[in-house]
Protein chains: 2
Amino acid sequence: MNVTVAQKRLIEKLGVFFEGQGRTPAEARIIGLLLVGDQLELTLEEIQQTLSISKSAVNNAINVLLLTQQLEYVTKPGDRKKYYRSKIEQWMSHVEQHVEKSLEGRTLLREALEQRTKSTKEFNVALKDMIDFMEFVQSHHLDLFAKWKKSKGRS
Amino acid sequence: MNVTVAQKRLIEKLGVFFEGQGRTPAEARIIGLLLVGDQLELTLEEIQQTLSISKSAVNNAINVLLLTQQLEYVTKPGDRKKYYRSKIEQWMSHVEQHVEKSLEGRTLLREALEQRTKSTKEFNVALKDMIDFMEFVQSHHLDLFAKWKKSKGRS
DNA sequence: TACTTAGTTCTGCAAATTCAGAACCATGTA
DNA sequence: TACATGGTTCTGAATTTGCAGAACTAAGTA
């Protein structure tokens, strides 16, 4: 498997970004490689050699990414190797999930609001506002998602 | 500064959540304390004693949270102490930022798409779809934010 | 049977993170 | 001046994370 210098650079940039999203360096670079590389399907060994990561690290990362539905693999008849590829069609729902996750603390905040002393009125109102806002955004997200699917279906 | 057992429990739960959002344990618990506790304004010493965290850890955490606009402090005449409080009014824009951040990879993905071999048509279309979706969500976010501010202004 | 190959699991290390404790600074007070 | 207080900075220790390397398993092959 060959990647150009430019591709390597971009893989690293994507790597840093995905690390920021909570993935390990190895996971992040594997995602990057499968997004950038010319070949869509790569074996464990190819990934290992292209990225210079140990076999075990690649294996662990791959299995995490399989569990989280970011990768899938295909097989070929009479070939024991697995060919891993980015499950890119699923990424839309991933974006959704990720956005939703950034709003999931809502429930805890509501708990906090309920448990709070009632004597700090101004603060409690501000807190409630924040919770309402998160709810508002979340509810409109469902709409957005639906709208998108519709507009995609039409085009 | 006194907190009930129930409050302590909730602070820990919020702590775990905020850790998941990328904050350190100390930062996370300070945020929690200032959201849950009956007193809105606490000194470094009070925070330190209530949470059983060292002075230096509290100090570092506070300063990070001040920089990131999640805390502010007020002072009182003839009193050198700083009274820290949750800057809760700013949290709405924080939520916004957080959601936006989860979509900021869009630019990198576009770069990837442009740099990709053109021969993997299906994949490239799927990638473009994803980027378009992220753009779609992002653009509607501005609307959402505006709408919210308007509806809040009216009520 | 022994050998090969693809993938998995285990062990331990190296780096990074986070914090405690102590030393320290800055400002006010006796 | 010495002392007290609020806050800061530094150093090292304890955890945690992430991974390399080696041992291992499973399944096919000579």
Side-chain angles (χ1 to χ4, degrees), chain A residues 1 8 11-12 14-34 39 41-68 70-85, chain B residues 1 8 11-12 14-34 39 41-68 70-85:
Chain A
M1 172 61 185
K8 273 184 198 161
I11 290 170
E12 288 304 317
L14 285 164
V16 171
F17 171 71
F18 289 123
E19 280 181 46
Q21 303 278 50
R23 276 164 272 227
T24 68
E27 286 163 18
R29 272 145 198 86
I30 292 173
I31 296 175
L33 172 58
L34 291 173
Q39 274 177 253
E41 296 172 356
L42 293 176
T43 65
L44 196 154
E45 202 191 3
E46 286 169 325
I47 295 173
Q48 190 218 315
Q49 291 175 354
T50 310
L51 295 178
S52 314
I53 302 176
S54 77
K55 208 176 159 187
S56 63
V58 172
N59 186 65
N60 289 331
I62 282 178
N63 284 316
V64 169
L65 294 175
L66 284 173
L67 273 177
T68 52
Q70 288 161 88
L71 252 55
E72 65 189 340
Y73 64 82
V74 295
T75 51
K76 309 192 176 183
D79 183 350
R80 280 203 289 133
K81 284 199 273 294
K82 294 175 181 177
Y83 293 82
Y84 299 98
R85 46 172 296 152
Chain B
M1 170 62 185
K8 274 185 197 161
I11 290 171
E12 288 304 318
L14 285 164
V16 171
F17 171 72
F18 288 124
E19 280 182 45
Q21 304 277 46
R23 276 163 273 225
T24 67
E27 286 162 20
R29 272 147 198 82
I30 292 174
I31 296 175
L33 172 58
L34 290 173
Q39 275 177 254
E41 297 172 356
L42 294 176
T43 65
L44 195 154
E45 201 190 4
E46 286 170 324
I47 295 174
Q48 190 220 315
Q49 290 175 354
T50 310
L51 295 178
S52 313
I53 303 176
S54 77
K55 207 175 159 190
S56 64
V58 172
N59 185 65
N60 289 332
I62 282 178
N63 284 316
V64 168
L65 295 174
L66 284 174
L67 272 178
T68 53
Q70 290 161 84
L71 251 54
E72 65 187 341
Y73 64 82
V74 295
T75 51
K76 311 195 176 182
D79 183 349
R80 281 202 292 130
K81 284 199 272 292
K82 295 175 180 176
Y83 294 82
Y84 299 97
R85 43 173 296 152

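Throughout, protein chains are lettered first and strands after them, A, B, ... in sequence-line order, and every chain is numbered starting at 1.
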query = What residues, two or more places apart in sequence or in another chain, satisfy side chain to side chain contact (heavy atoms under 4.5 Å, CB included) together with A:Glu12?
reply = A:Arg29
query = Given atom CD of B:Gln48 and atom C1' of C:dC19, what is their separation to the nearest angstrom?
reply = 12 Å
task = Report the residues that fulfil side-chain hydrogen bond (donor to acceptor under 3.5 Å, both in side chains) with B:Glu46, sequence neighbours left out, ordered by chain and then residue number.
result = B:Thr43
Atom pair distance, as rounded to whole Å: CG in B:Asn63 and C1' in D:dG7 = 9 Å
message = My understanding is that only residues two or more places apart in sequence, or in another chain, count here; which of them pass salt bridge (charged side-chain N to carboxylate O under 4.0 Å, His left out) with A:Glu45?
response = none
remark   = Ordered by number, residues from residues 70-84 of chain B within less than 4.0 Å of DNA chain C (heavy atoms) are B:Arg80
task = Could you tell me the separation between the CG atom of B:Leu65 and the P atom of C:dT18, rounded to a whole number of Å?
result = 13 Å
inquiry  = Which residues pass the side chain to side chain contact (heavy atoms under 4.5 Å, CB included) test with A:Asn60, not counting sequence neighbours?
reply    = none
Length of the line joining B:Glu45:CD and D:dT8:C1', which is rounded to integer Å = 16 Å
note = Protein heavy-atom contacts under 4.0 Å, written 5' to 3' over nucleotides 17-24 of chain D as B (base), S (sugar-phosphate only) or - (none), form the string -SSBB---
task = Please report the closest heavy-atom contact between A:Glu19 and A:Ala28, naming both atoms and the distance.
result = N-CB, 3.9 Å
ask   = B:Glu46 CD to D:dT5 C1': how many Å, rounded?
value = 15 Å
request  = Name all residues meeting the salt bridge (charged side-chain N to carboxylate O under 4.0 Å, His left out) criterion together with B:Arg85; count only those two or more places apart in sequence or in a different chain, and write none if there are none.
outcome  = B:Glu41, B:Glu72
task = Could you tell me whether the phosphate oxygens of D:dT9, OP1 or OP2, come under 4.0 Å of any side-chain nitrogen or oxygen in B:Asn59?
result = no
key: OH-CD1 distance between A:Tyr84 and A:Ile47, expressed to the nearest 0.5 angstrom   = 7.5 Å
Partner residues of A:Thr50 under the side chain to side chain contact (heavy atoms under 4.5 Å, CB included) criterion, sequence neighbours left out = A:Met1, A:Val3, A:Leu33
